[in-house]
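Here's the structure we're looking at; comments come further down.
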2 protein chains.
Amino acid sequence: MKPDHGIRILINRLARIDSAAGWAGGLNPTQRAALEYLSEANQFSRSPSHVADYLGTTRGTMSQTLKALVRKGYAAEHRQKSDQRSISYELTEAGAAAVTEPNPIADAIGSLPASVQAALKEGLLQSLRLALAANGGQSFGKCKTCAYHDAASESGFCTLLGLGLEPGESDKICVEHKEA
Amino acid sequence: MKPDHGIRILINRLARIDSAAGWAGGLNPTQRAALEYLSEANQFSRSPSHVADYLGTTRGTMSQTLKALVRKGYAAEHRQKSDQRSISYELTEAGAAAVTEPNPIADAIGSLPASVQAALKEGLLQSLRLALAANGGQSFGKCKTCAYHDAASESGFCTLLGLGLEPGESDKICVEHKEA
DNA sequence: GCCATTAGTATCGACTCGCTACTATATCAA
DNA sequence: TTGATATAGTAGCGAGTCGATACTAATGGC
């Protein structure tokens, strides 16, 4: 039987229309998506490999994209002490400002009834979970919903890495995330 | 206030993951999206301009993309008699086959409960309508839901163009569509 | 017949994309 | 300790999208 591509095509079309609006500030849509991920990810999850996994592209492409962001002043490289091979990118002030800019698609969605928004988000999340499971991908959830998260200490503690979290970091995305 | 980009980012991420799977058969994701549109649009709606409007890109880019599809044997050009400037593209057999191929994201969505799928589709459609209205874009609906559609005759009649429709065409997308 | 409009295209520079090949660091085992 | 192997990041290739601009050709109004 012919598969029903209807919803998939709707998602792609919305993303495409959003892309057309994503060229603001000298950025292109991919660079903007990477920037948005960096703003949501914790310090252990901001390497080229991680961003590539999250966005479904390759290390090579993402390496170039991140270097472009640095060149444009939206991000900065930061070599890790623990593993000299890996690099953690972080947003500059300009980068942090760019991700909060208004956006027509976000506005359109925001003006929908709350119940419709909730149903939409739930449907998208379930689709994403299934798609990632089929791909063998990671969940990329937030620390506070993670099985390794210990909320007892001051600003949270990661029992997997044996490290304390920075303030506010329990609300960030982590590559090691495992649903509690 | 900082806008909530959550749902927008989910949509983009799903589209991005889908894109990675969209390289099958020597096509790239954009070429596939154009092919999918051509398979759903009626004979008056398959020009470079129309596909560009539908997918939110420019005539120049879409012109190149459609020529690539012809070069690869998935589509064919067809000059209109009425207006010698415009071109209508149509799918070849290979093109028609390519749009029915299975797809991991479509499968994931298809395996969700019917109620979740319905809510998802409804939320996406409402978002799309608002986004298009904000952009001044067309609705691109199907003939059978159009104010100009007269279902009395054999296979439908377009009262705007004053033309009879081909069999099955009332289920196709039209640029001139106006919600009844 | 003139002129503004429209449809399609060619070309430019920047960039993504998958891919392959390479370097440097890290890890593990004999 | 010394390989052997895996991992992180990158450079470079060819194809092609993308916005932008500048063109040609056909159309339609006046």
Side-chain angles (χ1 to χ4, degrees), chain A residues 12 15-35 37 44-72 74-75 77-89 175-176, chain B residues 12 15-35 37 44-72 74-75 77-89 135 138 175-176:
Chain A
N12 277 321
R16 223 161 247 289
I17 293 171
D18 182 49
S19 287
W23 289 83
L27 288 168
N28 68 37
T30 300
Q31 288 163 359
R32 187 170 297 278
L35 212 58
Y37 171 78
F44 314 115
S45 311
R46 290 193 229 115
S47 72
S49 304
H50 297 146
V51 190
D53 275 355
Y54 183 81
L55 293 176
T57 183
T58 60
R59 280 175 299 149
T61 298
M62 194 43 64
S63 176
Q64 293 310 110
T65 298
L66 292 172
K67 295 234 170 280
L69 286 176
V70 171
R71 198 169 59 241
K72 293 178 179 180
Y74 291 108
E77 296 191 14
H78 184 323
R79 216 102 210 173
Q80 299 284 126
K81 278 177 208 154
S82 51
D83 188 334
Q84 289 291 124
R85 292 172 302 179
S86 66
I87 294 178
S88 183
Y89 284 85
V175 268
E176 307 286 3
Chain B
N12 278 321
R16 213 144 200 122
I17 293 170
D18 183 48
S19 287
W23 289 83
L27 288 168
N28 69 36
T30 300
Q31 289 163 359
R32 187 169 297 277
L35 211 58
Y37 171 78
F44 314 115
S45 310
R46 289 194 229 114
S47 72
S49 304
H50 297 146
V51 190
D53 275 356
Y54 183 81
L55 293 176
T57 182
T58 59
R59 280 176 299 149
T61 298
M62 194 43 65
S63 177
Q64 293 309 110
T65 298
L66 292 173
K67 294 236 171 277
L69 286 176
V70 171
R71 200 167 59 240
K72 292 178 180 180
Y74 291 108
E77 295 190 15
H78 184 321
R79 216 102 210 174
Q80 299 286 126
K81 279 177 204 153
S82 52
D83 188 335
Q84 289 292 123
R85 291 172 303 180
S86 65
I87 294 179
S88 183
Y89 284 86
N135 276 13
Q138 296 131 289
V175 268
E176 307 286 3

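Throughout, a chain's letter reflects where its sequence line sits, starting with A, and its residues are numbered from 1.
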Should [X] be listed as having a side-chain N or O under 4.0 Å from OP1 or OP2 of [N]?
X       : N      : answer
B/Thr30 : D/dC18 : yes
A/Thr65 : C/dT16 : yes
A/Thr61 : C/dT16 : no
A/Ser86 : D/dT7  : no
B/Ser19 : C/dC17 : no
B/Ser63 : C/dA10 : no
A/Ser47 : D/dG9  : yes
A/Gln64 : D/dA11 : yes

Nearest heavy atom decides the nucleotide; on that basis, is A/Arg59 or A/Gly56 closer to the 5' end of DNA chain C?
A/Gly56
The answer to which of B/Ile87 and B/Arg16 contacts DNA chain C further toward the 5' end, by nearest nucleotide, is B/Ile87
Atom of B/Leu27, atom of B/Lys72 and distance for their closest heavy-atom approach:
CA-NZ, 4.3 Å
Heavy atoms under 4.0 Å, any strand shown: does A/Ser88 hit a base, just sugar-phosphate, or nothing?
nothing
Applying a 4.0 Å non-hydrogen cut-off, can you work out what B/Arg71 is touching in the nucleic acid: base, sugar-phosphate, or nothing?
sugar-phosphate
Say you draw a straight line from [atom1] of [X] to [atom2] of [Y]; how long is it, rounded to the nearest 0.5 Å?
X       : Y       : atom1 : atom2 : answer
A/Thr30 : B/Arg16 : OG1   : CZ    : 4.0 Å
B/Ile17 : B/Asn12 : CD1   : CG    : 11.0 Å
B/Thr65 : B/Leu55 : OG1   : CG    : 9.0 Å
B/Gln64 : B/Arg71 : CD    : CZ    : 8.5 Å
B/Ser63 : B/Ile87 : OG    : CD1   : 7.5 Å

Integer-rounded Å distance: [N] [atom2] and [X] [atom1]:
X       : N      : atom1 : atom2 : answer
B/Arg85 : C/dA4  : CZ    : P     : 16 Å
B/Tyr74 : D/dG16 : OH    : P     : 12 Å
A/Lys72 : C/dA14 : NZ    : C1'   : 8 Å
B/His50 : C/dA7  : NE2   : C1'   : 10 Å
A/Asn28 : D/dT17 : CG    : P     : 16 Å
A/Gln31 : C/dC17 : CD    : C1'   : 14 Å
B/Gln84 : C/dT9  : CD    : P     : 14 Å
A/Asn12 : D/dT17 : CG    : P     : 15 Å

Residue-level proximity of residues 20-27 of chain A to DNA chain D when a heavy atom falls under 4.0 Å
A/Trp23
Would you check, one step at a time, whether the test side chain to side chain donor-acceptor pair (under 3.5 Å) holds for A/Ser19 with A/Arg32?
CA-CA 9 Å; A/Ser19 287; A/Arg32 187 170 297 278; over 6 Å; no
Donor-acceptor pair, distance only, cut-off 3.5 Å: does the side chain of B/Ser88 make one with the backbone of B/His78?
no
